[in-house]
Visitor: 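There's a structure below that I have some questions on.
Along the sequence shown, residues carry numbers from 1.
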Amino acid sequence: MQHTISDRLAEQIAHMVRNDEDWIPDADGVNPEIHVVINYFDNGVWLCAHNGECFIHKFERTQRLA
């Protein structure tokens with residue numbers, strides 16, 4: 001299932017990338033209990049399933065957002 005990017009989430013992604021941040025703490029329309037939006041810098045911005053993990057290398061990339 002593809003996540004629809006709202007205008008607000010698009011703004012949050014642009015801000016994150018512009019400021020070289022690595023994630024969005026309260027991504028619009030994203031359930032934080034399941035997913036997080038991560039900036040992998042050279043590999044784009046991804047919606048990731050964190051599976052309860054706190055280590056980014058264990059996250060599952062589910063959809064490229066930017």
Side-chain angles (χ1 to χ4, degrees):
M1 178 170 86
Q2 293 291 310
H3 185 80
T4 302
I5 301 172
S6 67
D7 290 341
R8 175 69 183 129
L9 181 54
E11 291 173 12
Q12 289 176 309
I13 290 170
H15 180 270
M16 173 181 63
V17 171
R18 190 172 47 251
N19 292 301
D20 293 324
E21 297 168 346
D22 54 0
W23 69 293
I24 300 173
D26 187 24
D28 185 66
V30 175
N31 181 344
E33 293 180 14
I34 301 169
H35 292 100
V36 64
V37 176
I38 299 289
N39 183 359
Y40 283 95
F41 301 97
D42 292 337
N43 295 308
V45 175
W46 288 81
L47 179 69
C48 297
H50 57 70
N51 304 313
E53 296 289 345
C54 59
F55 298 110
I56 195 171
H57 66 278
K58 293 187 177 183
F59 293 174
E60 176 187 352
R61 295 180 192 186
T62 59
Q63 180 184 341
R64 187 171 182 158
L65 301 176

Visitor: At what distance, to the nearest 0.5 angstrom, does CD of Q2 lie from CZ of R64?
Guide: 13.0 Å
Visitor: Applying ring-ring contact (aromatic ring centres under 6.0 Å, His included), name anything that partners F55, two or more places apart in sequence or on another chain.
Guide: H57
Visitor: State yes or no: do V17 and I5 share one hydrophobic cluster built from I, L, V, M, F, W and Y residues joined by side-chain heavy-atom distances below 4.5 Å, directly or via other members?
Guide: yes
Visitor: Please tell me if the side chains of I56 and V36 come closer than 4.5 Å, counting only heavy atoms from C-beta onward.
Guide: no
Visitor: Do the side chains of F59 and W23 join up, straight or via other hydrophobic residues, at under 4.5 Å, putting them in one cluster?
Guide: yes
Visitor: Which donor-acceptor pairs under 3.5 Å do the side chains of residues 37-52 make with protein atoms, sequence neighbours left out?
Guide:
unit_1	atom_1	unit_2	atom_2	d
N39	OD1	F41	N	2.8
N39	ND2	E21	O	3.0
W46	NE1	N43	O	2.8
H50	ND1	G52	N	3.0
H50	NE2	P32	O	2.8
H50	NE2	E33	O	3.3

Visitor: Are there over 12 heavy-atom neighbours, none belonging to D26, within less than 6.0 Å of that residue's CG?
Guide: no
Visitor: CG of N19: more than 12 outside heavy atoms within 6.0 angstrom?
Guide: yes
Visitor: Between R8 and Q12, is a side-chain contact (heavy atoms from CB on, under 4.5 Å) present by the stated rule, with each step listed?
Guide: CA-CA 6 Å; R8 175 69 183 129; Q12 289 176 309; 3.8 Å; yes
